[in-house]
Visitor: 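One structure, pasted below without further comment.
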Amino acid sequence: MKYYLTTPIYYVNAAPHIGHAYTTIAADTIRRFKRMQGYHAILATGTDEHGQKVERSARAAGKSPEEFTTVIANEFRAQWDRLGLAVDRFMRTTDPRHAAKVRELLERCHANGYIYKGSYTGQYCMFDELYVNEAKPGDPCPECGRLTETVTEENYFFKLSAFADRLLELYEKQPDFIQPEIRRNEVLAFVRQGLSDLSISRTTIKWGIPFPLGENHVFYVWFDALTTYMSAVEGEGLWPADLHLIGKEILRFHAVFWPAFLMAAGWELPRKIFAHGWLLFENDKMSKSRGNIVRATPIQEVMGVDALRYFLLREVPFGSDGSFSYDALVGRYNSDLANGLGNLVSRTLSMIQQYREGVIPAGEADAGIGETAAQVIPAVLAAFERFEFHRGLESLWTLLSAADKYIVEQAPWKIARHNEPEMRARLDATLYTAAEVCRVATALLAPLLPQSCAKIWRQLGMSAPLEDVRLDELAWGQLPAAQRIGEVAAVFPRIEAAPAVARMRELEVKETERQAALLGKAAPSQEASPAEEPDGRIGIEDFARVDMRVGLVKSAERVKGADKLMHMMVDIGEPEPRSIVAGIALAYSPEQLVGRKVVVVANLQPRKLRGIPSNGMIVAASLENGAPVLAGFLEDVPVGARLK
RNA sequence: GCCGGCGUAGCUCAGCCGGUUAGAGCGACGGUCUCAUAAUCCGUAGGUCGCAGGUUCGAGUCCUGCCGCCGGCACCA
């Protein structure tokens, strides 16, 4: 039985960080879990390498797109290697075999009548050479702040609108197609609103797969990226995928677009899409602008990959957002792995060493512990099957605690002082039971903590390789007696938090620098390379065209029916105050605004927002995911003063 | 604004179709053992179960309203 699963293909515009690692670690765990159940499990990942942003990043790094994408793709590959993640297939969207599959998808959709030529009108930024999807006429580009232009281009479209009913039927018939449930509900709500057709080609992009139906057209991201899941295993009989593991931010593409494409092509649909949550850093979103991105490798170096794997899968309910922090990482490690599993193994083996010359005695396994194990084993397997790793682990740890307690109750160190046959038998039973718990736990944990469990396995003296253990056949009492244990050494040595965290932070800085260099951003920023051609600079006359004035907010009220909109009357030194609507209602209350001096762009095209005329724009700093912050003055300035 | 979710011990969370004294893990404190990685084990921690009403013999557990947080959509000049 095959089990084919995928991670998203990662966009090469950024170097791998812990978020990528999170998804891939989870995928690796599932792959190992399936393998240990006898499946021929194949994990595919890869890199998404086309598009405007990549082209620009390559240019900024002084490389051709081919060179640049190869460097970053290799960085991803190296990352998975280094973290010991067993990736079976790695597909790059620049691979010719992939392009062939993309064309095939298009041809089939076309033949079935789902592709048509139309025109796409959108706001386009000439400097960044990209469409700003969300923008309206007159909007600035979010990348560079320049005004976008309304551009109409000939495009090919996919008739997504024709699939709404079939998609809803799919979600209905296969309730677990999208998981977790919350995500399913979101998709349902989205599709029920009706779908509009999707533009799938571009003439404004050069760096992409040529679009066979039209000259100068290139495939836009959808057909290109998603098809990787098929091209990665082309000709292997692995399609359909059993699982697409994704982050929640790309749910719609996978749960709506992708199945629709496949329906249109008459190909089989993936069986399940699971969207996990985001990894926050101490409850903040990780982002470049916040400078709080964490990489996996420093953690690996200081604490080992398994520490990270354990943390991610134990601390964060898979599917929900989770919070990463170094303190929590070390805390989890010490309490669960060092004091828990590691110590249990250590005390068990050391007693076998001391009291039985390193040979696991034939003893009768304790019935009470056996009963606990008989409950725990299926519970853990069932939880893993549902990808509820944190619950599975929680459950498994009850067995470990029970074993620790049992050992204390039996007090083998006391029994060992006696030599009567019944005492010897009791000691044998105790040691055998403890060792059997270690064996069962190690087998169950092998998919999650492959490296550490392999060590424990050897220490237990098991001869067959750990990965060959069949979890679906795992049962209490299978530990063969009379086997000699291996050399004992701490698998999870206790870690002192402060120095470990300091060390990880230090390595993190280095890793950030190394990755920046890779992306070509190390060249001490753009200013140092003035040799660049049209560098986006403008002359003073261009700036002078923007009329910015100091304004005084006379009144402010929230716009009904719009969370973000604030309607203000602003005095900018004209006879009448101006009516201005701005998206700052989430960050400021009307009371905070009235009487405040703000910067107004006075010569913008007037617009209506929610029916209210807006005659100007309030200048504010806008953070990637944060609230806007109004520009202001430290000194007092007269209303109407021009900024220049 | 619409839709969905959440708000339970210091922290992270369990608590299914309503039913005896509201649970777990971690942390903290006290104690114990000595096989073990200053580990283990035992005990303690007294949380208005967001707030206010309601239904019921009985409500974290159902209903309504409110407050706060999160997400999706609309939307953000």
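A, B, ... follow the sequence lines: proteins, then strands. Residue 1 opens every chain.
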Visitor: Sticking with atom P, work out how far rC41(B) lies from rU21(B), rounded to a whole angstrom.
Guide: 30 Å

Visitor: Counting only Watson-Crick or G-U wobble pairs whose two distances fall under 3.5 Å, which nucleotide matches rC33(B)?
Guide: none

Visitor: In whole Å, what is the span from the CG atom of L341(A) to the P atom of rU37(B)?
Guide: 15 Å

Visitor: Under a 3.5 Å cutoff, is there a donor and acceptor pairing between the side chains of W278(A) and E249(A)?
Guide: yes

Visitor: Across the strands shown, which category fits P493(A) at heavy-atom distances under 4.0 angstrom: base, sugar-phosphate, nothing?
Guide: base

Visitor: Going by purine N1 to pyrimidine N3 plus the second Watson-Crick contact, or the G-U wobble pair, all under 3.5 Å, which nucleotide sits opposite rG71(B)?
Guide: rC3(B)

Visitor: Nearest-nucleotide wise, let me know which of S346(A) and W278(A) is further upstream toward the 5' end of RNA chain B.
Guide: S346(A)

Visitor: Taking atom P of rA38(B) as reference, at what distance in whole Å does atom CZ of R347(A) sit?
Guide: 12 Å

Visitor: Can you tell me if R332(A) touches the phosphate of rU12(B), counting only side-chain N or O atoms and a distance under 4.0 Å to OP1 or OP2?
Guide: no

Visitor: Taking atom CD as the centre, does E420(A) end up with more than 12 heavy-atom neighbours from other residues, nucleotides or ligands that are less than 6.0 angstrom away?
Guide: yes

Visitor: To the nearest Å, give me how far apart CG (L400(A)) and P (rA39(B)) are.
Guide: 17 Å

Visitor: Roughly how far apart, to the nearest Å, are rU12(B) and rC75(B) at atom P?
Guide: 36 Å

Visitor: When you get a sec, tell me which of rC73(B), rC41(B), rU34(B) is the closest nucleotide to the side chain of R417(A)?
Guide: rU34(B)

Visitor: Tell me whether the OP1 or OP2 atom of rA36(B) has a side-chain N or O from Q354(A) closer than 4.0 Å.
Guide: yes

Visitor: If I take atom CD1 in residue I178(A) and atom P in nucleotide rG72(B), what distance separates them, rounded to the nearest angstrom?
Guide: 15 Å

Visitor: Contact class for Y355(A) (heavy atom, under 4.0 Å): base, sugar-phosphate, or nothing?
Guide: sugar-phosphate

Visitor: Classify V491(A) by what it touches in the nucleic acid, base, sugar-phosphate, or nothing, heavy-atom distance under 4.0 Å.
Guide: base

Visitor: What is the nucleic acid contact for G342(A), judged by heavy atoms within less than 4.0 Å: base, sugar-phosphate only, or nothing?
Guide: base

Visitor: Classify the glycosidic conformation of rG53(B) as syn or anti, calling it syn when the angle lies within 90° of 0.
Guide: anti

Visitor: Using a 4.5 Å cut-off on heavy atoms from C-beta on, say whether the side chain of V256(A) contacts that of Y171(A).
Guide: yes

Visitor: Could you work out, with side-chain hydrogen bond (donor to acceptor under 3.5 Å, both in side chains) as the rule, every residue matching T372(A), not counting sequence neighbours?
Guide: none

Visitor: Using purine N1 to pyrimidine N3 plus N6-O4 or O6-N4 for Watson-Crick, or N1-O2 and O6-N3 for G-U wobble, both under 3.5 Å, which nucleotide pairs with rA59(B)?
Guide: none

Visitor: Write down the distance separating the C1' atoms in rG53(B) and rC42(B), rounded off to the nearest Å.
Guide: 45 Å

Visitor: Of the candidate nucleotides rC73(B), rC41(B), rA36(B), which contains the atom at the shortest distance from the side chain of S401(A)?
Guide: rC41(B)

Visitor: What's the CH2-C1' distance between W397(A) and rC13(B), to the nearest Å?
Guide: 18 Å

Visitor: For nucleotides rU44(B) and rG7(B), find the distance between their C1' atoms and express it as a whole number of Å.
Guide: 28 Å

Visitor: What is the distance, rounded to the nearest whole Å, between atom CG of N339(A) and atom C1' of rU40(B)?
Guide: 9 Å

Visitor: Would you kindly give the CG-to-C1' distance between N334(A) and rU40(B), to the nearest whole Å?
Guide: 15 Å

Visitor: When rounded to the nearest Å, what value does the distance between C1' atoms of rU56(B) and rG23(B) take?
Guide: 25 Å

Visitor: By nearest atom, which of the nucleotides rA39(B), rG4(B), rC35(B) is closest to the N185(A) side chain?
Guide: rG4(B)

Visitor: So, R184(A) and D176(A), do they make that salt bridge, N to O below 4.0 Å?
Guide: no

Visitor: Roughly how many Å apart are rG68(B) and rC62(B), using the C1' atom of each and rounding to a whole number?
Guide: 23 Å

Visitor: Tell me what Q193(A) touches on the nucleic acid: a base, only sugar-phosphate, or nothing, going by heavy atoms under 4.0 Å.
Guide: sugar-phosphate

Visitor: Could you tell me whether the phosphate oxygens of rC42(B), OP1 or OP2, come under 4.0 Å of any side-chain nitrogen or oxygen in K405(A)?
Guide: yes

Visitor: How far, in whole Å, is rU40(B) from rC26(B) if one measures between their P atoms?
Guide: 8 Å

Visitor: Both distances below 3.5 Å, Watson-Crick or wobble geometry, any strand: find the nucleotide opposite rU20(B).
Guide: none

Visitor: May I ask you to evaluate whether R494(A) reaches the phosphate of rA39(B), defined as a side-chain N or O under 4.0 Å from OP1 or OP2?
Guide: yes

Visitor: When we call it a touch if two heavy atoms are under 4.0 Å apart, what does N343(A) touch: a base, just sugar-phosphate, or nothing?
Guide: base

Visitor: Once you apply a heavy-atom cut-off of 4.0 Å, does R252(A) come out as touching a base, just sugar-phosphate, or nothing?
Guide: sugar-phosphate

Visitor: Salt-bridged, E394(A) to R391(A), with N to O below 4.0 Å?
Guide: no

Visitor: Using 0.5 Å steps for rounding, measure from the OH atom of Y432(A) to the CZ atom of R439(A).
Guide: 7.5 Å

Visitor: In the structure shown, which nucleotide is the Watson-Crick or G-U wobble counterpart of rC66(B), with both distances under 3.5 Å?
Guide: rG50(B)

Visitor: May I ask you to say what A338(A) touches in the nucleic acid, namely base, sugar-phosphate or nothing, with a heavy-atom cut-off under 4.0 Å?
Guide: base

Visitor: Nearest whole angstrom, please: distance from the C1' of rC13(B) to the CG of L313(A).
Guide: 17 Å

Visitor: Using the P atom as the reference point in each nucleotide, state the distance between rC66(B) and rC11(B) in Å, no decimals.
Guide: 28 Å

Visitor: Starting from the 5' end of RNA chain B, give me the residue, R183(A) or G583(A), whose nearest nucleotide shows up first.
Guide: R183(A)

Visitor: To the side chain of S335(A), which of rC41(B), rG27(B), rC35(B) is closest?
Guide: rG27(B)

Visitor: Check whether any side-chain heavy atom of I178(A) lies under 4.5 Å from a side-chain heavy atom of L188(A), and answer yes or no.
Guide: no

